[in-house]
Every structure is written in C-alpha cells, then in structure tokens.
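A quick write-up on the structure given underneath.
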Amino acid sequence: MPERTGPDPITAQVISNVLLSIADEIGMSLRRASYSTNIKERADCSTALFDARGRLVAQAEHIPIHMGSMVGAVRRLIAPEYLEQLAPGDVYITNDPYSGGGTHLPDITMVAPVFLPSGPDGDDGEPRLIGFTANIAHHSDVGGHVPGSNSGDSTSIFMEGLRIPLVRFATGGEVISDVVAFVLLNSRLPEERRGDLLAQTSALRLGGARLVELCVKYGVETVEAACEDMLGYAATRLAVAVERIPDGRYHAQDFLDADDAELGPIPVAVTVTVDGSAIALDFAGTGREAVVAINVVRSALEATVYYALKAALDPGIPANGGFFDAVTITAPEGCLVNPREPAPVAARTDACQRVADVVFAALAQAVPEIPAGSHSSITYVNFSGVGDGFYVYPEVIAGGSGAGPELDGLDAVQVHVTNSSNLPIEALEAEYPLLAERYELVPDSGGAGRRRGGLAVRRDIRILSDSAEFSAHADRQSIGPHGSHGGDDGTPGHFTVVRTDGSRERLPGGRVSGIRLGEGDVMSIESPGAGGYGDPRDRDPALVLRDVVDGRVSPDAARDRYRVHLVEGPDGLGVDEDATVSARS
Amino acid sequence: MRIGVDVGGTFTDVTAIDHDGGFHIAKLPSTPQDQSLALRDGVGDVLSGTATPAGAVRYLGHGTTVATNTLLELDGSSAALIVTEGFRDLLEIARQKRPSLYDLAGRKPRILVPRALTFEVAERVGASGKVLRELSDDEVARVVEQVREAGVEAVAICLLHSYRDDRHERAIADALAMSVPQVYVSRSSEVAPEFREFERMSTTVINAFVGPRMHRYVTHLADRTADLGIPVAPRIIQSNGGLVSPDSVSRRPVTTLLSGPSAGVAGAAWVAGLAGHRDVITFDMGGTSTDVCLISGGKAVTTAERSIEGYVVRVPSASVHTVGAGGGSIAGTDDAGALQVGPRSAGARPGPAAYGHGGDRATVTDANIVLGRQNPREGLGSAMPIDAAAAQAVVAEVGHPLGFDVPEAATGIVRLANSHMARAVRAVSVEIGEDPRDYALVAYGGAGPLHAVEVAREVGITTVLVPPHPGTLCALGLLVSDVRATFVQSVLAPLSEEALTDVTGALERLDEQATDWFDREQVPEADRRTVFTLALRYGRQNFELDVDLPPGRLDAAVLPEVAEAFHATHERTYGFRHADAGIRVVNATVTASQRTDPPVPGTLPDGDGDPARALRETRPVVFGGRELPTPVYDRSRLMQGDRLDGPAVIEQMDSTVVLTPGSHAVVDTYGVLHVEVGTDA
C-alpha cells in the first residue's frame, strides 16, 4: 500500500459513505420534486459528486449509460475559460453530445460548483471551490422532428432537438429566466420541462449544502484526502482485476444491422490490450458513421466501456474517476464510435449494446466466465394515434441474455447499458386504444448449448382505433446473438404486421417509421434471443427434457440440436437414453 | 393478562403485561420444525412464573415467520397457475428487468410455478371491465381437469383485468372447490384485487405457495393454545401491523410475509410515544442485518409493495430499509486491501468466534467484545459463556494486513458497520424529504443499543431512546397493535361527479368486505372502525398518493375537499401541485379495525438520581482508540430519574447499551433511557 498522509483509512471510508449518501440524496430529491414519470417513477436519471479537480468521486446511477456521462461537462468547467468565472450560486446546463459531454439530446446535465464559504472553518478570504454536484435526467421531449426527441431515423443532430451548449442556468442562486424561456419554447411539454429543470437545480443546491457540512465537520483537507482514497481504491480494484487476465491483445468484431441496404451491416470492432495492470481498448476496424441516429459519441462510448469492464471484471469496482482514468479508450475519428458533428445520435443505445458485446467477446478469449452474446437490441417501439385524444405509447421489449459456463441465459431481461421496465398490459390497455393479445417467451429462440441462451419475447398488439402509426428502432434483426465455445447463435428479432384479412407482412428491418396500421391490425413484435455456451451435445439430457416439458425447447430442437431423443413413457415424457447416447456419439 | 409471542430466526420472545401494568418477558430458542412449541413453552413459563392461570389470558398476539421461511427456503407447496390465453409467461417476464445491473451471473428468483403447470384459459376481460371473450363451461371443466391431473396442492388464478370483473376467476375457483376440494385456491381478485397484472399475479402465486403450510400451522396453533387452556383465539400479526384471526391468515397468508419488522416498528412507535416522541427513526439491529423505518407524527411510513429476495409482494407494510450489517456481519479485507464489514454474516451458526460455535471469522460482535463494549465474560444474562480470546485472535487476523493492532482493528470494524447503518438512517429520511436530525433514534434488537449512540452522532441525531426491553420489542409490538385488516379494490376512474358511482361502487364493495371480516373476527358492533382511503394521482402520472376520505358518504359535495386534500398531500410530498390538472382514482382501500385500549404500563420507582446502586463493575472499554475505565450498570436496578454519564455500559438480559464519552442518559417514568448524544468524540 502507498504511504499515507491523509486521514486513517477508516475515516476515509466513513467519509466516502457520506459522499455516497449525498449523491443518493441528490437523486432522491430530484425524483421527489420532478414532474415527469420518466424521472420520478422510472428513475431515468443519475447524480454525482466531483472534487475540485473535476474528478468524479461518487455517483448514484440507475442506468449504466449514465456512468460518467456528467464527466464531460465538468471537465469543461475546470478549463480556464470557465473556471475563472465560476461563482457560488451558479448552475450550468448542457445536453450537447458534441460540446457538452452528453450522449443524446434528451439527457440534460446540470452541474453546480460548490464553494466553502469563508467563515468558521475556511479562511477569511475568498470562498473556496471544493467540488461540484451534478445530475443528468432524461427529459421526455426537447423538440426535434419526432415527439420524445428519440428517433432512430434522423440524419443529423439538428433534427433531434434543441442543443444546449454549456451555459449558466442559474447565477447568484437565481435561475436565469431568459434561459428557462429559451429551453421551454423548444419542448412539446414546456411545463413538464420547467418542473424537471427546477427539480434538478434544487437537488444540486441541497447536495452542495451537504458537501459544505461535511467539509466543515471533517475539514476540507481530510475530505479531499478521503476522495483521493476513493479514487485510488477504484484504480487498485481495477488493477487487481486486470492483472488476473493474461497479457495479450484480444480482438473481436460484430455487426449492426445495415442502416442503408447498399452499404450493408456496420462492423463494430475492438482490440483490448492487457499489459500487467493496464488495460486499453482500441476501436479501430469499426465502421463508418451511420447515416441514421445510432452514432456513439465519446461519453456514450466511455459509459459503455466502463459498464462492460465492471460487469466482466469486478462488479464491485466503484464508478468513479479513479476507475475511469485508468482505462485507455481510442477510436478513429469519423467512425461509428467517434462520429463527427453533426452525425445523428438519438438512438445510440443499439450501438452501445454492440460495443458492450464486442468488449465482452474480446475479453471472453481470456476470461471463460463471460457469457455468450445477449439480445443486445433496445427494441424500442412506438404506437401513436388518436383515441381519447392524441396518444403516444412507447415501449421497450426485453430479450434473452447470453448463457455462461455455469448458467443458462436469462429469459426476457434487459441487458447491458439499459434496464428499464415494461408497461403493464393492464395499464397500456387502460390508457390507449390498444389490446395486447400475446406476451410470452419464444420457444427455441435461445441458442442451443451446454448452457442454453435466454429466450426472446413476443408481444402482439391489436389496434382498436381507426388507425395508428408504428415506429421503432431495433437491431439484431439480420444477425442473431453469437453463441460461445461451440454454442449456437440465438434467433434474430423481427416485426410482423398481421392485417385483418389475415395477410402477414414482415417489416424490412428494425429501424422503421410511419408504418400505418388500421383497426384490427396486429403488430407482432419479437425480440432477439441469446447465444448458447458450449456444445449442445454436452447438455445434461435431463435439462433438455425439462425445457421440452416446459415448452422452452421444441422436441424437434431437442433431437436436432441437442441430439436428445425423448420418448413417451408411463410417467410421461422421458429421455430415451440409448437413442440419445448413439445420436451424440 | 395480555401476551405477545414473536418468533425470530434464533429466539422466540415473549412479552406479557399484567393487569397492574407490569411487564414479564421470556426468551427461548426458536423451534423451527414447529414454531408453536416455543410459543407453548414461553407462554407456559410466563404463566407459571407469574402464577397466572391460563384462563386469565385475555389476549394472545403472535408474530410468526412460517410464511416468510417457507418462501425464503423455497419449501412451499406444489402449485399450478391459471392465466388468460396468450399470457402464460407474465410471471416470468415480470417487469423485464435483470436482477443485478453488473453481475453477469445474477439469477432471477426461482419461478414458483413451472411453465408446464401454467395453464391458459380462453377468456378475456377488457380494461373497462367489458367481457371481450366469455369463459365457457367447457373451458372451465378442461382446466379443472388439468389441475386434477397435475396433482398439485395449490392453485393460483390470475386473469387479466380481474380487478374490474372477477366473474371468470370466481367461476374457476368455484369449480375447483367442487371438484378438487383438497386443493388450496388463491384467487387474485380476492388476494390482491389491484391493477398491474404482474404484481397481482406474483402476490397471488406466493399466496398459493405458502398457503397450505400456513393453513396447517395456524390450525395447529389454535389447537395448541386451546390445549393450554387459553380461552381466547390467538391473533396473528400481518405486514401492515394489524392482527387477525387464524382464519383470516389462512385465506391470505401472504399478508404475514413482512410481519416481523412491522411488529417491532409498532412497539417502537408505542415506546417512543410513552417517552414523548412522535417523530422517530427506528433502529433495529440484529444478528445479520439492521432494519430502519421512519415514524412521523406517530405513524410509520408504509409502502404498498415490497420485494423479498426478488419475489414481489403487493401487500401494505411498514417501509423498512434493511442493510446487511448486524452483530454477525463478517469483517475482512478485500482484494484491493480495504477493510469491509458485511454483507456476509456468520448468522447464528457458526456465529461470532466469541460464541464458541465454530465461528472463525471476525464479526461485529467479536469487535464489540474486544473493545469491552459487550461483556467479555458472559452473554444473555449469564446464560452464555464468551470466549474473549477467540474474539481477540480473529480480530487480530483482520488487523494484520492493514497494519492495525487489535483495538484499532476492532474500532475500525465497529466504525465501518456504524457508517453503513448511518447511510440507511439517512436514506429513510431523505427519501421522503426529511432531515434525520429532526428525529430521535429508537434503538432495539439485541445489538441496536450497542451502536445507536455512535450512529446517531454520525448522522447528527441528538436523542436516542432505548426501550426497557430492547431485545423483545417485537413481542411488545404484538401487545400494542390493534386487530386490523385492509382490503383494496382498483377503481381507475377520474375523481369527478360523472364517475362518482365508479368510486362509490368500489367503496360499497369494500364496506361489505369489511363487514364480513368484522363478523368473522367477532368484533362487537360498537368497536368497529373503518377508514376509507383513495390512492390518487394526476392524469399523466404513474404513481399514487393516499388520501383518507372524511367519514360519511362520498358524494359530489365532498369531492372538492378530497381533491384539495390530494393537492395538499402532493405539495407536501413532492413540493408542488397541479391545481388545474385532472385527478384519477387508482385504488380504494378500507382499513377495518377494532377499537382497543392500549395497555397502561407500570412506572418505575423514583430513585435519587444516582445510579451507583446499579453499578456492577468498572471495566476498560475502548472509545476513540483510548481505553477508558468505564462503569457497567445493571439495567434492572436503575430507577426513575437516574442520570448516567458516558462513558458507561448498561447491561440487561436481552441487550447492552453503550454510552459514549460526552453523552448522558436519564431514566424516565416508564424505564425508557433518554440519551443525549452530545458532541464530544
């Protein structure tokens, strides 16, 4: 352990628990005071504390894509042109992926510098900058060409909504009404925006007051030293985990569905270099910028890499600057994961999922515990139309997660950078002129393997009003999630329209908009499954039997993929041991 | 005499109050194979110890973990599930979230009904309650036959929108009762008639899973208390803190799943009230975890839904936060060289090293023994020998890689555990926008009073209250809770004159349910109390707030008053109101209770303020890294008005109170210790 100069390590840990409490409190305050369901109930927001040098020390995040996505804004605030202007009572706002460190426009970041007032603890001079409080929240609308500001088919960021540069939202403790008016005029739901933005602001103030109290109680130097400890601890924990991986270069590549039929699928590639306790990820080999809104800006790439490393190496690594700064990430300019302004980014999460997939796949060459490929599609669908007034019903559909060496994949879950819940059937039918006809697992969608991939989900929605419009962004509709160590791939997803005359039409891909549906038409949504792990012929026949009895695997797949022969006996279905042994040999 | 018996994982606690207000307590090892054995013996001990005839028992309250353990140990009945066609996998898809954000090996909880035993029926009710597809007699007969062939002990029935129209569910339940009467039937429109299908289904399935065993237990329990000669039927506490008859529990055993913490919270609220405090945070520290709950204005914050090891239960309960830090929490260093305490626990077995049951990892209890805070020679009165040398050895092992000596390592373990618990205390208050410094901390559980003063100081709380018997407060809670049940009905209508009949219709149905329940519980007419509550929200929102309705009929004239009450609640909770937005009624609830007079506790004799009479010994205790000669008092010999200055230790049979330097305590009329935390470290 390095030489210590600060407080004893226990005091440092006690302080770090208080800092985490403060980050939690900012989040709770934000959720309590916010207007919109997205923040209040779905907790699509995160909060963080930074030290005076702009390093993230404590974060309360609910969604991995937010990990570190406030870092960019703070990094800019500590640059000289901003730093000199910072004053007590300031709150800064931004949502811009290219200049403000955001990942797409609906996520609005707010940051407040925190100053220790001159007084009992501080010196008599100027108030002293001791850190920053920050939060980020997903706003339900910031303008742009579609309601929700979250389209998959925009072709420029200028179509996606209002871009807010890093500017002051409050000064001297007062919200700047000109800025509020500017933002509100650009949203389809201005009153909701006002409430949510003020909730973000007041939560930051509360957090700032708590940070000042902490510094008064322990002294600024002690708190700073505790922050150093927290950063050092995260870096050590990452280093310990990386050292367990054999040195080497690990390469993996996967694909996103074509954004343009002529240009073909977009490769996403990574080379992970492990050298002792150092880890570097280079995304050379990744394809061009997409012409649709799936580009991944720097902060989204970082958040995804941090997620993948934490999950693959050690879930206990604290999400702070000590961890972030120890990871080297590079990507060629102009590629999908380092796009140039004004490339569109609204639906970046589908590509983030693929980035996580390739990082896992690369590390899997050295870490056998890493599972096979997961569904890794957001499968965001949106129905709108006129019922009891104009309505918009947005939904995300889960799928399978990849099988690991010891465990089957999970059926019907969200994976990687997102983890949002579904809308209950009874809620959707009460609110919209829609009827759910099926919501179920898809048999045989999980890749066969010694461990089976998780199953996909099917949700069928019937239109009850005269007409409706369907739009969506989903991926993995052409190439299924990969199997691992000899396991089969999972199935791709698809959208199918079943018209009242019984005709069926499979939509051409996952990124669609403006699909017209009439009364009685059914949209059948199926997400991707997930990859299996290990040779299917090594799967315990009893487990195959159980899956067949439960209807997760068909008898045909049991015979063809697992080479397990089943036979109806006096006690029900059983394994035909002899036939199975000979089929497997 | 009134008796409360609370069964915990390790001990069964009995608290009785006699007609003079005197308390009698007993603590026995629990009997997991049949929890009523320890109940029988504990009640027997108290009766014989006080020479009370069984016929003089006027009330027997019981807290049981049978349902909870059945779920946690996954040892329930084989069950089938009947669902609407097309929705076989609702239970498994749940809310589609993964169990752990970053753990790639995270598991979903084991499904309680296998997919093969989930049967679809052709039927459909729409969101408005309109039947879109009738359930045919043939279909009912077919599914009943499937259940019979499956040979299950229990069946859960949960059809879409059955909270609107329960006829299809009832038809199936009736047919099952006719054809397979031995099968336990759990029907969603009876168990949890609320909208949102997954939560309703999960609750209904868990009810089926624990139902048969709980039914057997309460039947057996009633026989056992009758055998003892106790003339009253036992009452069993539910998660909402209300007590009900064995019959009510048999119908909805799922309501008892979270009853343990609720009894403690009720006891803490009562003791705090005696001590003159209505705003408190409860701090219940046991062997494996610590539960904290906020009580505001004498009422515990409640929640409508909880998750137990990933199983979602839609049942009202005290909003208790649990943190994995308790006396048995294991301390050690992690890969990155930092000290960690918990969440792994040595539990009751092997337990702390000092208890000599084979524990070889340092626990929080071992650290307390090393520091001299917990008695280094004996525990539980004098019933249990303590191996202090073993505690020293395991704590030394933890300290070694950190370069800490034994007292430093023990201090570190206790401070870290306190820090985790402080985070939970902050969380329950800031979550609802309260400042914990405006609250007093009520310390109980075997280990709560050991840590409470330091935790309070860490959070900035100035007052700690220690009940007379902190180790048996849950049993006390059983004595002071009322006979009470809640019934919920989803409404989903605007709060408006036009839709008034939707609301009043639901209220009438609830009123009938309450009357049925009163009759079953044999509550005298004059003691029946009902309170109706509406769960309301603004139109676009997806979350509800409860508003109690004024007594009397709900008519158009009352609506503005209800609306204003909602706006005010919303403003108080969230800081703003939408005066012109429409309000929607999501659920209606009735709380039916029996008016009861709370017991009157006896008072302690006046002392002269000097606790010297209670001094047991002076032993060295480590505070802030320094060993201080510390007086150790016998709690049972303290008198009203005694003042104790920290550092001091107060020992009693079921717990140990630690007063840090700078704090002091005063004993009140009822024997509650009021600790002023002070600021001196």
Side-chain angles (χ1 to χ4, degrees), chain A residues 1 9-10 13-14 17 20-21 24-25 28-29 32-33 35 37 40-41 64 195 233 236-237 240-241 307 310-312 314-316 369-371 397-398 401 404 406-407 410-415 419-422 424-427 429-430 435-441 457 460 549-552, chain B residues 86-90 92-108 114-116 126-128 132 160-161 163 195-199 334-339 402-403 411-412 415-416 418-420 422-423 426-427 430-433 458 492 540-543 573-576:
Chain A
M1 281 173 70
I10 305 301
Q13 277 179 274
V14 170
N17 264 340
L20 291 166
S21 281
D24 286 341
E25 186 172 0
M28 289 172 184
S29 165
R32 207 172 51 247
Y35 270 44
T37 295
K40 202 176 206 74
E41 192 181 41
Y233 174 76
T236 306
R237 207 151 165 168
V240 168
Y307 154 74
K310 209 166 135 71
D314 176 3
E369 289 77 24
I370 291 176
I397 308 289
S401 81
E406 303 300 331
L407 300 166
L410 301 179
D411 303 333
V413 287
Q414 296 281 17
V415 297
N419 198 29
S420 47
S421 33
N422 51 11
I425 300 289
E426 290 173 349
E429 291 183 350
L435 185 75
E437 300 208 325
R438 293 202 166 268
Y439 190 32
E440 61 191 11
L441 302 175
V457 172
D460 288 4
V549 169
D550 270 346
R552 286 173 219 272
Chain B
F87 298 91
R88 186 183 187 186
D89 297 308
L90 277 180
E92 204 163 339
I93 297 172
R95 301 306 293 271
Q96 80 180 13
K97 297 176 85 160
R98 64 184 179 274
S100 163
L101 268 187
Y102 298 103
D103 182 2
L104 296 176
R107 307 308 300 157
K108 288 188 182 185
R115 198 166 189 258
S128 63
L132 305 177
L160 284 179
H161 298 293
Y163 59 90
F195 101 119
R196 293 183 182 116
E197 67 281 354
F198 164 68
E199 288 76 8
D334 65 18
D335 288 347
L339 180 63
L402 296 160
T411 302
R415 286 184 69 200
L416 262 193
N418 288 345
S419 171
H420 294 319
R423 211 177 152 189
R426 287 189 203 103
V430 302
E431 188 179 60
I432 59 160
E458 169 69 22
L492 299 185
R540 270 184 291 124
Q541 292 178 331
N542 260 319
F543 44 90
T573 312
Y574 298 126
F576 62 93

Chain B interface, residue from A:Val240, A:Leu435, A:Thr236, A:Leu407 that has the most non-hydrogen pairs under 4.5 Å: A:Leu407
Heavy-atom pairs under 4.5 Å with chain A, option from B:Ala116, B:Pro114, B:Gly403 with the top count: B:Ala116
Under 3.5 Å donor-acceptor, B:Gln96 side chain and A:Ser420 backbone: yes
A:Glu426 side chain vs B:Glu197 backbone, donor-acceptor pair below 3.5 Å: yes
All salt bridge (Lys or Arg N to Asp or Glu O under 4.0 Å) counterparts of B:Glu431, not counting sequence neighbours: none
Nearest heavy atoms of A:Pro315 and B:Tyr102, plus distance in Å: CG-O, 3.7 Å
Minimum-distance pair of heavy atoms, taken over all atoms of A:Pro424 and B:Arg196: CG-CG, 3.9 Å
Residue part contacting chain B, namely of A:Ser29, when any heavy atom lies under 4.5 Å: neither
Side-chain donor or acceptor of B:Arg426 paired with backbone N/O of A:Asp24 under 3.5 Å: no
Heavy-atom pair with the smallest gap, counting every atom of B:Gly106 and A:Leu410: O-CD1, 3.7 Å
Atom group of B:Asp334 that falls short of 4.5 Å from chain A, counting heavy atoms: side chain
Residue pair B:Arg115, A:Glu440: steps toward the salt bridge (charged side-chain N to carboxylate O under 4.0 Å, His left out) verdict: CA-CA 11 Å; B:Arg115 198 166 189 258; A:Glu440 61 191 11; 5.7 Å; no
Residue part contacting chain A, namely of B:Phe195, when any heavy atom lies under 4.5 Å: both
Side chain proximity check, B:Leu101 to A:Pro64, heavy atoms < 4.5 angstrom: yes
Best-contacting candidate, A:Glu25, A:Glu369, A:Gln414, against chain B by heavy atom pairs under 4.5 angstrom: A:Gln414
Under 4.5 Å from a heavy atom of chain B, the part of A:Ile397 involved: backbone
Salt bridge (charged side-chain N to carboxylate O under 4.0 Å, His left out) evaluation trace for B:Lys108 with A:Asp411: CA-CA 9 Å; B:Lys108 288 188 182 185; A:Asp411 303 333; over 6 Å; no
Over all atoms of both residues, closest heavy-atom pair of A:Pro371 and B:Leu104: CD-CD1, 3.7 Å
B:Arg415 versus chain A, the contacting section by heavy-atom distance below 4.5 Å: both
Working for side chain to side chain contact (heavy atoms under 4.5 Å, CB included), residues B:Ile93 and A:Tyr439: CA-CA 9 Å; B:Ile93 297 172; A:Tyr439 190 32; 3.3 Å; yes
Residue, of A:Val14, A:Val457, A:Asp550, that accumulates the most heavy atom pairs under 4.5 Å with chain B: A:Asp550
Main-chain N/O of A:Asn422 paired with B:Arg95 side-chain donor or acceptor, under 3.5 Å: yes
Flag, side chain of A:Asn419 to backbone of B:Arg98, donor-acceptor distance under 3.5 Å: yes
Contact class of A:Ile425 relative to chain B, heavy atoms under 4.5 angstrom: both
Sequence-distant partners of A:Asp460, side-chain hydrogen bond (donor to acceptor under 3.5 Å, both in side chains), two or more places apart: A:Arg458, A:Ser524
Nearest heavy-atom neighbours spanning A:Ala430 and B:Leu492: CB-CD1, 4.4 Å
A:Glu437, part contacting chain B, at a heavy-atom distance under 4.5 Å: backbone
Heavy-atom pairs under 4.5 Å with chain B, option from A:Gly551, A:Gly316, A:Ala436 with the top count: A:Ala436
Top contributor to chain B interface from A:Ile370, A:Val549, A:Leu20, A:Asp314 [non-hydrogen pairs under 4.5 Å]: A:Leu20
Greatest number of heavy atom pairs closer than 4.5 Å to chain A - which of B:Glu199, B:Arg107, B:Arg88: B:Arg107
Contact class of B:Ile432 relative to chain A, heavy atoms under 4.5 angstrom: backbone
Contact leader toward chain B among A:Ala398, A:Ala427, A:Ser421, where contacts are heavy-atom pairs under 4.5 Å: A:Ser421
Portion of A:Ala241 that has a non-hydrogen atom of chain B nearer than 4.5 angstrom: neither
Check: B:Leu339 main-chain N/O paired with A:Gln13 side-chain donor or acceptor under 3.5 Å: yes
Region of B:Ala94 in contact with chain A, defined by heavy-atom distances below 4.5 Å: backbone
